[in-house]
A.B. asks: 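This is the structure I have questions about; it appears just below.
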Protein chains: 2
Amino acid sequence: MQLREERKDAAEHRQRILQSALQLFREHGVEQVSMHRIAKQAGVGQGTLYRRYGNKGDLCMDLIFDSYTKFKERVSFYLEQSAAESPDMRLDGVLGQCIDYIDDKADLLAVLRTLGGDQRPGPGTVYHSPPYRFMHDVFVRLILEIKQTQNRPDGAGEAEFVAHAIMAALCPDLYFELRFGQGMSKEQIKERFRAFYVERAYTDQVNATR
Amino acid sequence: MQLREERKDAAEHRQRILQSALQLFREHGVEQVSMHRIAKQAGVGQGTLYRRYGNKGDLCMDLIFDSYTKFKERVSFYLEQSAAESPDMRLDGVLGQCIDYIDDKADLLAVLRTLGGDQRPGPGTVYHSPPYRFMHDVFVRLILEIKQTQNRPDGAGEAEFVAHAIMAALCPDLYFELRFGQGMSKEQIKERFRAFYVERAYTDQVNATR
DNA sequence: GGACTAAACGGACAAATGTCCGTTTTTATT
DNA sequence: AATAAAAACGGACATTTGTCCGTTTAGTCC
């Protein structure tokens, strides 16, 4: 026996944990629910809960895993089927999908960021998590495409930086602030991202191709 | 008696707390030092410590208050004495000063962000803290100046958004990652900020004033 | 079915954060 | 100097996170 399946009891417990967490989160808000309470509600021990999920962030990660997978697929699919479009439009499209996703899952995503692990650099930071890497990579490619269209070479990892900058602006906290603190609509926020990250690039492109 | 001064014993305790915290932070790293330990080291009770500083973030805030004040003054002074320069150059200058400051205080600033309070929008978030407001305001003014130079009107709060975007990219965590995770030098990071936030604006400007 | 092993269990325990409240000290007033 | 109110004190306590380890259970092999 080389690779064992997840044990039946373990699988059942995970379902119970996820369901209990979801219910409690909905009822009392993510921040107000302790791990202890989730374990109690699910009828499992502390250790059982913690062995599976090292912290609330891990748990949230699993809670949004399905939706994240779908998000990832949507983005990948969009990129494939829009391959013929201009990279600017595609950047705009991806940004729109990110914002839709954040709008949908903002509360859980915010917890992820806060409880996601170390602050120190290296593995364990958000910057090395698969979701971050995935989106960062998508942005890097798009930016490189845009630069290529404009015949502007990429100065040693410039696109890498810009992708980080975009990701930073996409943080759920800021979205919260714009959406509810300042009362902007989702569409208004998308428009701002477009104006700043896409249209400026587009302007450059127009000028560069003259 | 209308306004009382801070009591003598309280003032002394605050000094002891700050000094103890600073020493312990230096010795063991900010994350490794508990509030309990700081209280013990300072020879005061838990309650005394917590009444003054609601959490470690508050304490760090006080620890960097002096340096923040100086930073603020440096920025204000720079803006005054560079009033004749182009807004692009001034934006670059301010960005440089921010990065210098982050580089200097990265560890404490990172704690501030993590432990700074609520995630929910409204007062209590980073976005409403005086330091954030101050820098955000500085960026808004500079961006408006740039737009004015280019004869581009500011579409309803566009500058506000861009300022948030810049602030987001200035988060200590990302700086850490670039600096130590990816091994970039401080100057390289400054160069990236300049290239993305200043030179692109400058390119636009050149084109717009043709 | 019996036995063995790896995985999972769960609750006690440790450590940290943050609160509460009876007690002490400072300070202004007389 | 006595007094009283305001402010500060401090440690016990509650809550939460996270760990440890002896015990139980599912899956496999015979």
Side-chain angles (χ1 to χ4, degrees), chain A residues 1-18 20-21 24-25 27-63 111-120 124, chain B residues 1-21 24-25 27-63 111-119 124:
Chain A
M1 175 175 55
Q2 201 71 340
L3 284 176
R4 274 202 198 179
E5 299 277 311
E6 184 179 35
R7 263 168 55 168
K8 280 182 187 174
D9 53 343
E12 187 198 331
H13 280 154
R14 185 173 61 189
Q15 288 311 314
R16 286 230 299 277
I17 289 170
L18 288 177
S20 304
L24 288 172
F25 285 171
E27 200 164 338
H28 303 98
V30 177
E31 310 275 353
Q32 293 306 311
V33 179
S34 71
M35 292 293 267
H36 180 82
R37 194 166 168 189
I38 295 169
K40 200 171 137 195
Q41 172 90 7
V44 304
Q46 285 275 92
T48 304
L49 175 55
Y50 269 100
R51 189 164 1 83
R52 196 174 303 276
Y53 303 111
N55 56 52
K56 218 195 272 186
D58 281 356
L59 210 170
C60 291
M61 193 68 205
D62 202 359
L63 275 179
V111 175
L112 280 193
R113 195 189 57 73
T114 306
L115 308 173
D118 311 346
Q119 255 79 46
R120 303 298 122 223
Chain B
M1 172 176 60
Q2 202 72 340
L3 284 177
R4 276 200 197 182
E5 299 276 312
E6 183 180 37
R7 265 168 54 167
K8 280 181 187 174
D9 53 343
E12 187 199 330
H13 279 153
R14 186 172 59 188
Q15 289 311 314
R16 285 230 299 278
I17 289 170
L18 288 176
Q19 197 199 320
S20 303
L24 288 172
F25 286 170
E27 199 164 338
H28 303 97
V30 177
E31 309 275 352
Q32 292 306 311
V33 179
S34 72
M35 292 292 268
H36 179 82
R37 194 166 169 189
I38 295 169
K40 199 170 139 196
Q41 172 92 6
V44 304
Q46 287 273 92
T48 305
L49 176 54
Y50 269 100
R51 190 162 0 83
R52 197 174 302 276
Y53 303 111
N55 55 53
K56 220 194 272 186
D58 281 355
L59 209 170
C60 292
M61 193 68 206
D62 203 359
L63 275 179
V111 176
L112 280 192
R113 195 190 59 71
T114 306
L115 308 173
D118 310 346
Q119 254 80 46

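Not measured: the values here are computed from a predicted model. Any value given below was found using the heavy atoms of this structure, including those in side chains, with hydrogens, waters and symmetry copies removed. So that the names make sense, note that chain A is the first sequence line, chain B the second, and so on, each numbered from 1.
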A.B. asks: Could you measure the distance from the CG atom of B:Asp58 to the NZ atom of B:Lys56? Nearest 0.5 Å is fine.
C.D. replies: 12.5 Å
A.B. asks: Distances under 3.5 Å only, N/O to N/O: pair up the protein atoms with those of nucleotides 17-19 of chain C.
C.D. replies:
{"residue": "C:dT17", "atom": "OP2", "partner": "B:Met35", "partner atom": "N", "Å": "2.9"}
{"residue": "C:dG18", "atom": "O6", "partner": "B:Gln46", "partner atom": "NE2", "Å": "3.3"}

A.B. asks: What's the CG-P distance between A:Leu49 and D:dT19, to the nearest Å?
C.D. replies: 12 Å
A.B. asks: How many angstroms lie between CD1 in B:Ile17 and CE in B:Met35, if you round to the nearest 0.5 Å?
C.D. replies: 8.5 Å
A.B. asks: Nearest 0.5 Å, what's the CD-CD1 distance between B:Gln19 and B:Ile38?
C.D. replies: 13.0 Å
A.B. asks: Output the rounded distance in Å from NZ (B:Lys8) to C1' (C:dT27).
C.D. replies: 10 Å
A.B. asks: Is the closest basic N to carboxylate O distance between A:Glu12 and A:Arg16 below 4.0 Å?
C.D. replies: yes
A.B. asks: Please name all residues satisfying salt bridge (Lys or Arg N to Asp or Glu O under 4.0 Å) with A:Asp62, sequence neighbours left out, ordered by chain then number.
C.D. replies: none
A.B. asks: Rounding to an integer number of Å, can you tell me how far B:His13 NE2 sits from C:dT26 C1'?
C.D. replies: 12 Å
A.B. asks: Report the distance from atom CD of B:Glu31 to atom P of D:dT17, rounded to the nearest whole Å.
C.D. replies: 17 Å
A.B. asks: Quick one: A:Arg52 CZ to C:dA7 P, roughly how many Å, whole number?
C.D. replies: 13 Å
A.B. asks: Could you check which of C:dG10, D:dA7, D:dG10 has an atom nearest any side-chain atom of B:Arg7?
C.D. replies: D:dA7
A.B. asks: Nearest whole angstrom, please: distance from the C1' of D:dA7 to the CZ of B:Arg14.
C.D. replies: 14 Å
A.B. asks: Enumerate, atom names and distances included, each donor-acceptor pair closer than 3.5 Å involving a side-chain atom of residues 39-52 of chain B, sequence neighbours excluded.
C.D. replies:
{"residue": "B:Arg52", "atom": "NH1", "partner": "B:Glu6", "partner atom": "OE2", "Å": "3.3"}
{"residue": "B:Arg52", "atom": "NH2", "partner": "B:Ala10", "partner atom": "O", "Å": "3.3"}

A.B. asks: Can you measure B:Tyr53 atom OH to D:dC9 atom C1' for me and round it to whole angstrom units?
C.D. replies: 16 Å
A.B. asks: Measure CD/B:Glu6 against P/C:dT25 and give the value in whole Å, please.
C.D. replies: 19 Å
A.B. asks: Among the nucleotides D:dA26, D:dG10, C:dG10, which one has an atom lying closest to any side-chain atom of A:Asp9?
C.D. replies: D:dA26
